[in-house]
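Here's the structure we're looking at; comments come further down.
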Amino acid sequence: MYIVLGKSGYIAKAIISELKKRNLHYLALSRSDIDYTNFKEFQNFYHINYNSPSTPTKNSKIINCAGYVGKPNVDACESNKGDTIMGNVVFPTNLANHCSTNSSTLVQISSGCIYDGYDKDFSEEDPPNFTFNNGSFYSGTKALCERMILKHNPRSYIFRLRIPFDHINHQRNYLTKLMNYDTLVNVTNSLSHRGDFAKYIIDLLEQNVPFGIYNLTNKGSVSTEEVVDLIKETILPNKVFNFFNSLDSFHKEVKAPRSNCILDTSKAEKYINIRSVREALEDSLSHFSIF
Ligand SMILES: NC(=O)c1ccc[n+]([C@@H]2O[C@H](COP(=O)([O-])OP(=O)(O)OC[C@H]3O[C@@H](n4cnc5c(N)ncnc54)[C@H](OP(=O)(O)O)[C@@H]3O)[C@@H](O)[C@H]2O)c1
């Protein structure tokens, strides 16, 4: 049994759709169903449903897609630090404790934005280098969340997502963002196809792979200019894209610094096949509808 928290969210929707596709038994919860962020309320709900044939919460895998990501972007986390800490650190830590005492498994959605720089492709073993002191407040909370979860419940999964995209026009889709921003910054990054990310998570969970952290981006990396070229080749041949002259001029426009990095996916690739970022981008753009 899977329990998905944060059901109205962008990533939760892809995971729910993957669970549905496979006919796996799941229960998806939104704060509008029960306020699972109120820990007493969540525990009451959990115990009422423990062993119930329709919603057996015993031995469940709780996929926590809930979090405070800042809208319209992570700059909002700089001015809402309390909500960011509560949503991204306190709540998942409580959940980790809950899972360790209730025979359930925590599956936490994390982020690759805890790394910055191109000295190497970052593996799960590398300590975060883009957190509270030099990164954004959001990235700081995501790094702290990983540490707290593994400290409180090492029998958990942490799956790292990075810059999601797919074929569906949506304000959270990286491709939609590139098509709509006035000016772009040319940087190289790993990216995660949203549906692939959901599929890979369920593949790994169904195989009961060892607990721990997994980088789950598509294979390889791509620069903004390369993605723009693909967009022009496929759907917007006449659109003019403008770029900042430098990363510094971009950083003057935003409140929080942004991370740029490449993640090493070889740990997950021991268990699953991961398609390349280029293939996933071409696939998404070939089905993309801008209307
Ligand atoms: N999107 C990205 O670019 C990205 C990249 C890397 C990692 N992630 C991680 O992926 C996870 C899901 O992100 P997402 O992009 O799906 O975000 P999202 O669309 O904002 O969804 C998050 C969901 O969390 C729930 N929630 C619980 N407490 C909340 C609070 N205080 N404020 C706002 N929402 C709250 C809400 O669902 P209900 O109201 O239905 O309960 C909300 O829809 C997060 O852990 C995020 O850090 C996202």
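Position 1 is the first residue of the sequence, and the numbers go up from there. What you see below is based on every heavy atom in this structure, not just the backbone, and it leaves out hydrogens, waters and symmetry mates. Atoms within a ligand are numbered from 1 in the order they appear, just like the ligands themselves.
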Check side chain to side chain donor-acceptor pair (under 3.5 Å) between Asp35 and all other residues, then give those that pass, not counting sequence neighbours. Thr37
Should we say atom CZ of Arg22 is surrounded by more than 12 heavy atoms from elsewhere, each under 6.0 Å from it? yes
Residue pairs meeting salt bridge (charged side-chain N to carboxylate O under 4.0 Å, His left out), one or both in residues 282-291, sequence neighbours left out, come to Arg275-Asp283, Arg278-Glu282
Pairs touching residues 210-230 that satisfy salt bridge (charged side-chain N to carboxylate O under 4.0 Å, His left out), sequence neighbours left out: Lys219-Glu269
For Tyr214, does the six-membered ring have the charged nitrogen or CZ of Arg160 within the cation-pi criterion, i.e. under 6.0 angstrom from the centroid and within 45° of the normal? no
Distance to the ring centre below 6.0 angstrom and angle to the axis at most 45 degrees; does that hold for Lys199 and Phe197? no
Ligand-protein N/O pairs under 3.5 Å (ligand 1):
unit_1   : atom_1 : unit_2 : atom_2 : d
ligand 1 : 15 (O) : Arg172 : NH2    : 3.1
ligand 1 : 16 (O) : Tyr10  : N      : 3.1
ligand 1 : 16 (O) : Ile11  : N      : 2.9
ligand 1 : 19 (O) : Tyr10  : N      : 2.9
ligand 1 : 19 (O) : Arg172 : NH1    : 3.0
ligand 1 : 20 (O) : Lys71  : NZ     : 3.0
ligand 1 : 24 (O) : Gly67  : N      : 3.2
ligand 1 : 34 (N) : Arg31  : NH2    : 3.4
ligand 1 : 34 (N) : Gly67  : O      : 3.4
ligand 1 : 37 (O) : Ser8   : OG     : 3.3
ligand 1 : 39 (O) : Arg31  : NE     : 3.0
ligand 1 : 39 (O) : Arg31  : NH2    : 3.0
ligand 1 : 40 (O) : Lys7   : N      : 3.4
ligand 1 : 40 (O) : Ser8   : N      : 3.0
ligand 1 : 40 (O) : Ser8   : OG     : 2.7
ligand 1 : 40 (O) : Ser30  : OG     : 2.7
ligand 1 : 41 (O) : Arg31  : N      : 2.8
ligand 1 : 41 (O) : Tyr36  : OH     : 2.5
ligand 1 : 43 (O) : Ser8   : OG     : 2.9
ligand 1 : 43 (O) : Gly9   : N      : 3.3
ligand 1 : 45 (O) : Ile109 : O      : 3.3
ligand 1 : 45 (O) : Lys142 : NZ     : 2.8
ligand 1 : 47 (O) : Tyr138 : OH     : 2.5
ligand 1 : 47 (O) : Lys142 : NZ     : 2.8

